[in-house]
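What follows is a short report on a single structure.
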Amino acid sequence: MLNKKTLINRIWVGAAIFIVLIGMVLINIYFPNYANGSSNTVISGRAINSVIISVLILLAVVEMRRALGTERIPDCFSWLLWLYGIGLGPAYSLFGYIGILFFTLLVFIAAAITSLVKDRADSLLFVAFMLVYPGLLMATMLYLNRSASTHSISADNPLFQYLENDIWSFLSKNRVNNLLPLNAIGLALVFAVSTFTDVFAYFVGSLFGKHKLCPAISPKKTVEGAVGGLFGGMIGSALVYFLFDFFKIFAPQFGLTFAGYNLPVAQIVATYVIIGVLGSVTTQIGDLLASHIKRYCGIKDYSRILGEHGGIMDRFDGIMLNAVMVSFVFMFIF
């Protein structure tokens, strides 16, 4: 049975979160910083979202640190985890995802040295886990927000006039010449597929769920809810398609059908289908993984910063894994 008070609280908080996610997509669309003809070379929607995502990563790292506790990760490692949470955003903005990888490796080396000095090999394993989850996983949202092309774009390509500057573009012009407008649709796919997956899984599972999915990890999740979530993920992907590519309610360069991308119709269809299906699957796996870790740590929520939705980790558990899936698909396309 549905708890009406809990349901109402979840709806209000969920709606507020969804509005924020929509806002992140819209500022990428309506607050660009084009490399040609733009007098603003610092602030853009892309730059604002980089800051927002960086804050989310920091909060997620703090929550995971709190969940694991000082018995598993003593205070001598705390400064490293704070450094990691704070430093991921600047590392990516300056050097791209490669910057994040090398920054992560440097933090791991520092943690290894600390482990040797304090003789805490067990803690090193937990720190290494945190560097990946949530660190590298959530950082893929930074990758999507940047959406850099892996190939050069000629001046006669209709896409050329829509390429954007990066917030630190003065450091290297060569690094920012191919920043595509696909950051908006990338984030839209992540947020829409994950959100619709969660909503449909919750309602279908609550109303029709009979067969337990993983009772040892999450007793309330059902097979029926998982199927409903899969259906919801496909709806989320279809919604993005209709908004960006069918009705084209935004400027054409933000959709996959824009001529400058030169993508075959079959590839565009495959992109939406793969992200809709596999994005929903990874979203639900992420939700189960978060529940698995919470059960291991003996906690109900990572925090209460989002009220009935728990903490950042509780809300972005599926989003971060879905972001990896969308990033993987985009990597092969562009």
Parallel, tilted or perpendicular, as decided by the 30° and 60° cut-offs, for the rings of Phe246 and Tyr241: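 Tilted: the ring planes of Tyr241 and Phe246 meet at 30° to 60°.
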Parallel, tilted or perpendicular, as decided by the 30° and 60° cut-offs, for the rings of Tyr84 and Phe103: parallel
Tyr261 vs Leu182, side chain to side chain contact (heavy atoms under 4.5 Å, CB included): CA-CA, chis, key distance, verdict: CA-CA 10 Å; Tyr261 297 125; Leu182 288 166; 3.3 Å; yes
Are [Y] and [X] connected in a single hydrophobic cluster, I mean Ile/Leu/Val/Met/Phe/Trp/Tyr linked by side-chain heavy atoms less than 4.5 Å apart?
{"X": "Phe316", "Y": "Ile19", "answer": "no"}
{"X": "Trp82", "Y": "Ile100", "answer": "no"}
{"X": "Val227", "Y": "Phe196", "answer": "no"}
{"X": "Ile235", "Y": "Phe242", "answer": "yes"}
{"X": "Leu101", "Y": "Leu83", "answer": "yes"}

Spacing of [X] atom [atom1] and [Y] atom [atom2] [to the nearest 0.5 Å]:
{"X": "Ile27", "Y": "Ile48", "atom1": "CD1", "atom2": "CD1", "value": "4.5 Å"}
{"X": "Ile217", "Y": "Arg295", "atom1": "CD1", "atom2": "CZ", "value": "8.5 Å"}
{"X": "Thr195", "Y": "Ile17", "atom1": "OG1", "atom2": "CD1", "value": "9.0 Å"}
{"X": "Tyr34", "Y": "Gln161", "atom1": "OH", "atom2": "CD", "value": "8.5 Å"}
{"X": "Leu81", "Y": "Ile73", "atom1": "CG", "atom2": "CD1", "value": "5.5 Å"}
{"X": "Asn28", "Y": "Ser147", "atom1": "CG", "atom2": "OG", "value": "8.0 Å"}

Residues, nucleotides or ligands: over 12 heavy atoms within 6.0 Å of Lys118 NZ: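 12 or below, so no.
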Within 6.0 angstrom of Phe231 CZ, more than 12 heavy atoms from elsewhere: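 Counting other residues, nucleotides and ligands, CZ of Phe231 stays at 12 neighbours or fewer.
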Residue pairs passing the salt bridge (charged side-chain N to carboxylate O under 4.0 Å, His left out) test where at least one lies in residues 205-225, sequence neighbours excluded: Lys221-Asp287
Whether the side chain of [X] engages the backbone of [Y] through a donor-acceptor N/O pair (distance < 3.5 Å, no angle test) should be reported.
{"X": "Ser194", "Y": "Phe191", "result": "no"}
{"X": "Asp301", "Y": "Gly311", "result": "no"}
{"X": "Ser237", "Y": "Val273", "result": "no"}
{"X": "Asn145", "Y": "Arg46", "result": "yes"}
{"X": "Ser280", "Y": "Gly276", "result": "no"}

Quick one, [X] and [Y] - any side-chain contact, counting heavy atoms below 4.5 Å?
{"X": "Leu159", "Y": "Pro181", "result": "yes"}
{"X": "Val269", "Y": "Val265", "result": "yes"}
{"X": "Asn183", "Y": "Glu164", "result": "yes"}
{"X": "Met24", "Y": "Ile53", "result": "yes"}
{"X": "Phe208", "Y": "Phe203", "result": "no"}
{"X": "Asp122", "Y": "Arg120", "result": "yes"}
{"X": "Leu213", "Y": "Ser218", "result": "no"}
{"X": "Tyr272", "Y": "Leu189", "result": "yes"}

For [X] and [Y], which heavy atoms make the closest approach, and how far apart are they?
{"X": "Ser54", "Y": "Gly89", "result": "OG-CA, 3.1 Å"}
{"X": "Ala184", "Y": "Ile29", "result": "CB-CG1, 3.5 Å"}
{"X": "Ser123", "Y": "Pro74", "result": "OG-CD, 3.1 Å"}
{"X": "Cys214", "Y": "Leu288", "result": "SG-CD1, 4.1 Å"}
{"X": "Gly186", "Y": "Leu144", "result": "O-CD1, 4.1 Å"}
{"X": "Ala192", "Y": "Val240", "result": "CB-CG2, 3.7 Å"}

Salt bridge (charged side-chain N to carboxylate O under 4.0 Å, His left out) partner of Asp314, the single match among Lys294, Lys300, Arg304: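 It is Lys294; the other options fail the test.
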Audit row: Leu125, Phe129, side chain to side chain contact (heavy atoms under 4.5 Å, CB included) steps and yes/no: CA-CA 6 Å; Leu125 296 178; Phe129 172 75; over 6 Å; no
Just by distance, no angles: are the side chains of [X] and [Y] close enough, under 3.5 Å, to form a donor-acceptor pair?
{"X": "Thr197", "Y": "Thr283", "answer": "no"}
{"X": "Ser78", "Y": "Arg65", "answer": "yes"}
{"X": "Thr140", "Y": "Ser327", "answer": "no"}

Asp317/Arg315 salt bridge by N-O under 4.0 Å criterion: no
Solution key, residues 57-64 side-chain donor-acceptor pairs under 3.5 Å, sequence neighbours excluded:
residue, atom, partner, partner atom, Å
Glu63, OE1, Ile312, N, 3.1
Glu63, OE1, Met313, N, 2.8
Glu63, OE2, Ser303, OG, 2.6
Glu63, OE2, Ile312, N, 2.9

Criterion side chain to side chain contact (heavy atoms under 4.5 Å, CB included) on Leu256 and Asp245, from CA distance to verdict: CA-CA 7 Å; Leu256 299 183; Asp245 284 307; 3.8 Å; yes
Axial cation check for Tyr302 ring with Arg66, 6.0 Å and 45° limits: no
Side chain to side chain contact (heavy atoms under 4.5 Å, CB included) between Tyr133 and Met320, worked out: CA-CA 9 Å; Tyr133 184 87; Met320 68 175 78; 3.7 Å; yes
Ring-ring centroid check Phe244 Phe254, cutoff 6.0 Å: no
